[in-house]
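Notes to accompany the following structure.
The model shown is predicted, which means the values in this text are computed figures rather than measured ones. For reference, positions follow the sequence shown, starting with 1.
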Amino acid sequence: MCLLLGATGVGKTLLIKRLQNILYAALTNELGGPPVTLPTVGTNLTDLTLKRKKVTVRELGGCMGPIWPSYFTDCSAVIFMVDSANISQISSSCIQLLSVLSTEALRSASVLVVFNKRDLPCTMSLVEIKSLFRMDDIVASATQPITTLELSAHSGEGLQDVLRWLESTIIK
């Protein structure tokens with residue numbers, strides 16, 4: 001199981017719907033525009049088929065942050081999303097990430113930190129946001145293998161990188 005976590009409004013639902021669309025587009029050759037989404041209240045389960053294997057992704061709504069740990073059991077991977085265009089949310093996202101990384105149940109889970117919304121004009125560069133997050137320090141001190149990616153769930157840029165990460169992490 002892979003958990004999809006992040007604050008409210010970072011683009012988790014859009015990411016999962018776009019990943020579904022990109023897998024379907026491999027058959028039809030059309031990705032299409034971004035689907036309409038609503039903020040997740042609760043949890044969404046989505047199955048993605050990668051290399052003929054089913055990968056279940058559980059998206060947890062950002063408002064559920066206080067009870068995220070109750071979903072950490074049997075989790076082998078975490079995708080943690082950050083809105084790189086929302087400067088006021090950066091510090092709270094960093095604290096949420098640190099809390100997730102320090103949980104015993106996720107001690108050996110692979111982690112993908114996704115900096116979303118790179119298509120917006122007010123987005124910080126990857127270097128700036130990684131510096132604000134102190135990603136080098138986080139990666140050095142974490143027990144988990146951590147990968148960082150920059151993407152736009154809206155435009156579709158970087159979606160293939162997420163699929164490649166899922167394939168290499170979950171499907172072995």
**Prompt:** Considering residues, nucleotides and ligands other than Asp136, do more than 12 of their heavy atoms fall under 6.0 Å from its CG?
**Reply:** no
**Asked** Atom CD of Glu128 and atom CD1 of Ile90: how far apart are they, to the nearest 0.5 Å?
**Response** 10.5 Å
**Request:** Report yes or no: do Glu59 and Thr13 form a side-chain donor-acceptor pair below 3.5 Å?
**Result:** yes
**Item:** Min side-chain heavy-atom separation Leu15-Leu151 under 4.5 Å
**Value:** yes
**Complete:** Correct closest heavy-atom pair for Ser84 and Thr123 would be OG-CG2, 3.0 Å
**Message:** Can you confirm whether Ile22 sits close enough to Gln160 that some side-chain heavy atom of one is under 4.5 Å from a side-chain heavy atom of the other?
**Reply:** yes
**Asked** In the hydrophobic cluster built from side-chain contacts under 4.5 Å, what are the other members alongside Ile95?
**Response** none
**Message:** Is any side-chain heavy atom of Leu60 closer than 4.5 Å to one of Arg58?
**Reply:** yes
**Asked** Which pair of heavy atoms, one from Asn116 and one from Gly11, lies closest together, and at what distance?
**Response** ND2-CA, 3.8 Å
**Request:** Find out whether Val100 and Gln96 are in side-chain contact, i.e. whether some heavy atom of one side chain is under 4.5 Å from a heavy atom of the other.
**Result:** no
**Request:** Following the transitive rule for hydrophobic clusters with a side-chain heavy-atom cut-off under 4.5 Å over Ile, Leu, Val, Met, Phe, Trp and Tyr, establish whether Val10 and Ile16 coincide in one cluster.
**Result:** yes
**Item:** Leu159 CG to Arg164 CZ distance, which is reported to the nearest 0.5 Å
**Value:** 10.5 Å
**Message:** Are Pro145 and Thr169 packed together at the side-chain level, in the sense that at least one heavy-atom pair is separated by less than 4.5 angstrom?
**Reply:** no
N/O donor-acceptor pairs under 3.5 Å from side chains in residues 66-81, not counting sequence neighbours:
{"residue": "Trp68", "atom": "NE1", "partner": "Gly61", "partner atom": "O", "Å": "3.3"}
{"residue": "Ser70", "atom": "OG", "partner": "Ile67", "partner atom": "O", "Å": "2.6"}

**Asked** How many angstroms lie between OG1 in Thr49 and NZ in Lys53, if you round to the nearest 0.5 Å?
**Response** 12.5 Å
**Asked** What distance separates Gln144 CD from Thr103 OG1, expressed to the nearest 0.5 Å?
**Response** 8.5 Å
**Message:** I'd like to know if Val162 and Leu3 are part of one continuous hydrophobic network [Ile/Leu/Val/Met/Phe/Trp/Tyr, side-chain heavy atoms within less than 4.5 Å].
**Reply:** no
**Message:** Pairing donors with acceptors under 3.5 angstrom, does anything connect the side chains of Asp119 and Ser155?
**Reply:** no
**Prompt:** Less than 4.5 Å apart, any side-chain heavy atom of Met124 and any of Phe115?
**Reply:** no
**Message:** When you group the ILVMFWY residues by side-chain heavy-atom contacts below 4.5 Å and let the links chain together, are Leu97 and Leu112 in the same group?
**Reply:** no
**Complete:** Rounded to the nearest 0.5 angstrom, the CD1-CG distance for Ile146 and Leu101 is 4.5 Å
**Asked** Does Cys2 reach the side chain of Thr56, with side-chain heavy atoms less than 4.5 Å apart?
**Response** no
**Fill in**
So OG of Ser125 and CD of Glu150: to nearest 0.5 Å the spacing works out to 7.5 Å
**Prompt:** If you draw a 6.0 Å radius around CG in Leu98, do more than 12 non-hydrogen atoms from other residues or ligands fall strictly inside?
**Reply:** yes
**Asked** Same cluster or not: are Leu166 and Val113 linked, directly or through other Ile, Leu, Val, Met, Phe, Trp or Tyr residues, by side-chain heavy atoms under 4.5 angstrom apart?
**Response** no
**Request:** Give a yes or no on whether Leu48 and Ile170 share a hydrophobic cluster (residues Ile, Leu, Val, Met, Phe, Trp, Tyr; joining criterion: side-chain heavy atoms under 4.5 Å apart).
**Result:** yes
**Message:** Applying salt bridge (charged side-chain N to carboxylate O under 4.0 Å, His left out) as the test, list every pair that has at least one member in residues 83-92; sequence neighbours left out.
**Reply:** Asp83-Lys117
**Request:** Report, as yes or no, whether the 6.0 Å neighbourhood of atom CZ on Arg134 holds more than 12 heavy atoms from other residues, nucleotides or ligands.
**Result:** no
**Message:** Would you say that Val114 contacts Val82 through its side chain, given a criterion of any heavy-atom pair below 4.5 Å between the two side chains?
**Reply:** no
